[in-house]
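Working notes, structure below.
Position 1 is the first residue of the sequence; numbering continues from there. Both counts, for ligands and for their atoms, begin at 1 and track the order of listing.
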Amino acid sequence: MTAQIIDGKAIAKECRKALKGRVKEFSEQYGHAPGLGVILVGEDPASAVYVRNKEKACARAGIASFHHDLPITATQEQVAKIIDEMNADSRVHGILLQLPLPKGLDEQAMLARIHPDKDADGFHPINAGYLAVGKDGYVPCTPKGVMTLIASTGQPIEGAHAVVIGRSNIVGKPQAQLLLQKNATVTICHSRTKNLAEVVGLGDIVVAAVGRPEMVKGEWIKKGAVVIDVGINRRDDGTLCGDVEFETAKERAGWITPVPGGVGPMTIAMLLENTLEGAIRAATR
Ligand code: GUN
């Protein structure tokens with residue numbers, strides 16, 4: 001059996017199209033566009049590309065973006081000052097502090113400084129807590145996009161065994177919470193998990209978010225499973241690959257996301273959605 005490819009690029013395009021219509025309606029109704037504040041600290045080339053792509057997507061959707069670059073030498077106080085300014089700026093409805101921050105800056109402290117109502121990434125502890133207790137709040141963009149990709153397969157989540165590989169605050173933990181909310185039986189795996197191959201083999205749904213090239217082997221995958229690959233890694237020869245060994249996994253999976261063109265485009269679409277949500281919150285408060 002060869003898996004059906006989940007076309008994240010096409011699904012994200014549909015999401016962005018729908019969102020553009022909602023942004024237009026919002027802007028006409030309230031007389032201003034939703035706005036995203038973007039803070040980039042340092043010169044990490046991958047982060048610079050992500051930020052540029054996010055800002056381009058904002059412009060196409062009719063969302064204003066307000067960009068602030070800080071040097072790699074920026075102090076905690078300087079980053080905090082920009083966050084405070086964006087918290088107070090009524091044109092900014094969502095704030096994105098691009099991670100990772102340069103060494104020496106306290107990431108958690110900076111994320112907690114973002115006003116929870118403007119937390120477009122859903123990384124503030126209040127929003128993480130809301131997700132954990134099942135209360136409405138901002139949901140982190142990548143796991144939110146993954147839920148849309150899983151839904152696109154038409155496969156049930158309720159009662160399914162979902163295996164999440166990776167336990168980061170950005171993907172693994174919120175992903176597990178979202179799957180649990182949909183009544184999946186959820187297993188979270190990580191670097192200390194014993195018999196990883198066996199555990200992954202139980203998954204009707206597998207979400208790989210470890211950041212290690214092709215570490216999830218195709219032969220581990222249960223026949224017919226939905227496989228979502230969050231990883232985006234560079235092989236030694238410079239080509240891109242995911243966390244899953246795609247060529248072998250697609251011979252066992254029922255559905256699988258490609259890398260690139262799977263999860264990545266969805267993350268950006270969900271960021272736009274969260275920014276609009278922030279604008280609606282501010283306008284209707
Ligand atoms: N770095 C890698 N992924 C993300 C993300 O989703 N949001 C932010 N702010 N930084 C990231």
Kindly tell me which protein residues have any non-hydrogen atom under 4.0 angstrom away from an atom of ligand 1, grouped by chain and ordered by number? Lys54, Leu96, Leu97, Gln98, Leu99, Asp121, Phe123

Count I, L, V, M, F, W, Y as connected when their side-chain heavy atoms are under 4.5 Å apart, and connections chain through other members. Are Met147 and Val186 then in the same cluster? yes

Side-chain heavy atoms nearer than 4.5 Å, only ILVMFWY residues, links allowed to pass through others: does that put Ile228 and Ile232 together? no

Does any pair with a residue in residues 10-24 pass salt bridge (charged side-chain N to carboxylate O under 4.0 Å, His left out), and if so which ones, sequence neighbours excluded? Lys24-Glu28

Hey, are [X] and [Y] close enough for a salt bridge, meaning a charged N less than 4.0 Å from a carboxylate O?
| X | Y | value |
| --- | --- | --- |
| Lys81 | Glu77 | no |
| Lys9 | Asp7 | no |
| Asp84 | Arg113 | yes |

